[in-house]
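Written out below as structure tokens is the structure these notes cover.
Counting starts at 1 for both ligands and their atoms, following the listed order. Along the sequence shown, residues are numbered consecutively beginning with 1.
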Amino acid sequence: MEKKNIDWSNLGFAYQVTDKRFVSNYKNGAWDEGVLTEDATITLTECAGVLQYAQTCFEGLKAYTTEDGRTVCFRPDLNASRMKDSCERLEMPVFPEDKFVEAVKEVVRANEAFVPPYGSGATLYIRPYMFGSSAVIGVKPAEEYQFRIFCTPVGPYFKGGAKPITIRVCDYDRAAPHGTGHIKAGLNYAMSLYQIVDAHEQGFDENMYLDAATRTYVEETGGANFIFITKDGTLVTPKSDSILPSITRRSLMVVAEKYLGMKVEHRPVRFDEIKDFAECGLCGTAAVISPVGKINDHGNEICFPSGMDEMGPVTKKLYDTLTGIQMGRIEAPEGWIVEI
Ligand code: PLP
Ligand code: COI
């Protein structure tokens, strides 16, 4: 397969149109078969549920070229299952999980020329999403829906790749207790835009959100879960009902315990304990593991001993093992790698 003429190593995290995308419509209580199309545009009624009441959710996963030249993706079944949870919470019809995984494969296969080569530092980002497409004017779920998957080649989410970033404690909340923080609803991201624009204007890369009810526990950032490493090398990840259950974080917990023999704690993490951690990072499909060097709490700086120059040593081991599994250098646990 001849690859597209793209400067893979200099890609940022940005959209570029690829050849084909998957589209399936839900009407009269059933999903159609779905097709691949070259049309990257969508025409909708002005009163569509997604446009009026933000009835939409999405997923994110990646495809990789392995060291031995295969094209694979990472744990797509978990994206299918999380999208099911999102749909159920948003009164949307579930797209069958097995068909979700098949459609992901179809899209990657149809855009194989856009899957970045092994070693380029880039990957193919895959974006499944669903929205209410029929007209609603009273506040209620739409009757018709569209499920789509497109893909686009991407580089690092944060400029500078593996360089530690600086984040700040945010005065706004991401998710209410018993709200929608645990699902991947578009509305969770719409309401974070004000804060992220402000964070960037103030010179910070991301926002750290605290629990909305008490502001004493660490939740997550706008697009990634936290990992912390204690001084004695334990992986600690925040547990809360209002954060997104990151597939990367769940995978790292297995990598830490089973591959690196580390102790792992998944528990509520108080904000006032983070000054005692040795390393901090953000983890997610887009972020992979982005090291955090510094957290600014209203002018008070928490600087991790790993510093601002490079990833801390334990974070690096986690990063190398996870990406090694994703790119076929290290044997994966059963079912993690799906060949296209
Ligand atoms: N948290 C939020 C709010 C996200 O948007 C994402 C991205 O998907 C994550 C965490 C990381 O999740 P995952 O590792 O499944 O990509
Ligand atoms: C992902 O990591 O897939 C996400 O959806 C995060 C988003 C902020 C790009």
Side-chain angles (χ1 to χ4, degrees), residues 11-16 56-64 73-86 89 100 104 122-130 149-159 165 167 170 172-176 179-193 195-197 199-200 205-212 218-227 235 237-256 266 269 280-290 292 318-319 322-323 325-326 336:
L11 285 175
F13 197 85
Y15 170 77
Q16 62 173 287
T56 180
C57 63
F58 69 98
E59 273 302 324
L61 69 159
K62 281 175 172 173
Y64 310 82
C73 61
F74 186 69
R75 311 192 78 181
D77 53 316
L78 296 191
N79 295 93
S81 139
R82 192 170 61 188
M83 189 151 194
K84 172 175 180 284
D85 296 342
S86 298
R89 178 66 176 79
F100 177 109
V104 165
T123 50
L124 188 76
Y125 186 70
I126 304 161
R127 172 54 62 86
Y129 59 114
M130 191 191 296
I149 306 177
F150 70 77
C151 61
T152 191
V154 296
Y157 191 69
F158 293 103
K159 274 199 236 73
I165 58 170
I167 65 175
C170 188
Y172 292 85
D173 297 318
R174 194 190 90 89
T180 57
H182 62 299
I183 58 158
K184 221 161 154 57
L187 60 91
N188 292 343
Y189 300 80
M191 67 83 229
S192 76
L193 299 176
Q195 297 91 282
I196 194 67
V197 168
H200 289 162
D205 297 292
E206 252 292 3
N207 288 300
M208 168 184 263
Y209 292 102
L210 302 181
D211 78 288
V218 175
E219 294 258 302
E220 58 178 327
T221 66
N225 281 182
F226 277 103
I227 55 168
L235 170 66
T237 67
K239 183 174 185 180
S240 153
D241 289 340
S242 48
I243 70 179
L244 191 78
S246 159
I247 294 162
T248 314
R249 188 262 301 157
R250 284 181 270 163
S251 304
L252 284 170
M253 288 169 65
V254 175
V255 164
H266 183 48
V269 174
C280 172
L282 306 183
C283 71
T285 299
V288 193
I289 304 182
S290 302
V292 174
L318 286 166
Y319 178 93
L322 178 70
T323 54
I325 289 170
Q326 290 167 333
W336 281 25

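- Using a 4.5 Å cut-off on side-chain heavy atoms (C-beta onward), Asn79 and Val104 make no contact.
- In this structure, Tyr189 and Gly222 approach most closely via the heavy-atom pair CE2-O, 3.4 Å.
- Residues forming a salt bridge (Lys or Arg N to Asp or Glu O under 4.0 Å) with Arg249 (at least two apart in sequence, or on another chain): none.
- Side-chain contact between Glu59 and Lys184 is present, with at least one heavy-atom pair separated by less than 4.5 Å.
- Below 4.0 Å from some heavy atom of Gly223 lie the following atoms of ligand 2, by number and element: 6 (C), 8 (C).
- Between the side chains of Tyr129 and Arg127, not a single donor N or O lies within less than 3.5 Å of an accepting N or O.
- Between Tyr157 and ligand 2, a contact under 3.5 Å exists for no N or O pair.
- Protein heavy atom closest to atom 16 (O) of ligand 1, with residue, atom name and distance, is Thr285 OG1, 2.6 Å.
- Using a 4.0 Å cut-off to heavy atoms of Asn225, the atoms of ligand 1 that qualify are 1 (N), 10 (C).
- Note: an N/O pair closer than 3.5 Å links Glu220 and ligand 1 by distance alone.
- In terms of N/O distances under 3.5 Å, ligand 1 is not approached by Thr221.
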From CA spacing to verdict: side chain to side chain contact (heavy atoms under 4.5 Å, CB included), Asn225, Thr248: CA-CA 9 Å; Asn225 281 182; Thr248 314; over 6 Å; no
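- Of all the heavy atoms of Lys62, none lies under 4.0 Å from any atom of ligand 2, so neither backbone nor side chain is involved.
- The closest approach between Arg127 and ligand 2 falls below 4.0 Å for a heavy atom of the residue.
- Counting heavy atoms closer than 4.0 Å to ligand 2, residue Lys184 contributes side-chain atoms (C-beta onward) but none from N, CA, C or O.
- Near Tyr189, meaning under 4.0 Å from any of its heavy atoms, are these atoms of ligand 1: 2 (C), 3 (C), 4 (C), 5 (O).
- Gly223 O, 3.2 Å is the protein heavy atom nearest to atom 6 (C) of ligand 1.
- The shortest heavy-atom distance from Gly222 to ligand 1 is under 4.0 Å.
- Of the candidates Leu322, Thr123, Leu61, Phe74 forms a side chain to side chain contact (heavy atoms under 4.5 Å, CB included) with just one, namely Leu322.
- Heavy atoms of Arg82 come nearer than 4.0 angstrom to ligand 1 in at least one pair.
- When side chains are defined from C-beta on, Tyr125 counts as touching Thr285, because their heavy atoms get closer than 4.5 Å.
- In terms of N/O distances under 3.5 Å, ligand 1 is approached by Ser246.
- Less than 4.0 angstrom separates some heavy atom of Tyr125 from each of these atoms of ligand 2: 1 (C), 3 (O), 4 (C), 5 (O).
- In the vicinity of Lys184, heavy-atom distances shorter than 4.0 Å reach the ligand 1 atoms 4 (C), 5 (O), 6 (C), 7 (C), 8 (O).
- What you find for Tyr209 and Cys170 is that their closest heavy atoms are CE2-SG, 3.7 Å.
- Less than 4.0 angstrom separates some heavy atom of Phe58 from each of these atoms of ligand 2: 5 (O).
- Considering backbone and side-chain N/O atoms, Gly284 never comes within less than 3.5 Å of an N/O atom of ligand 1.
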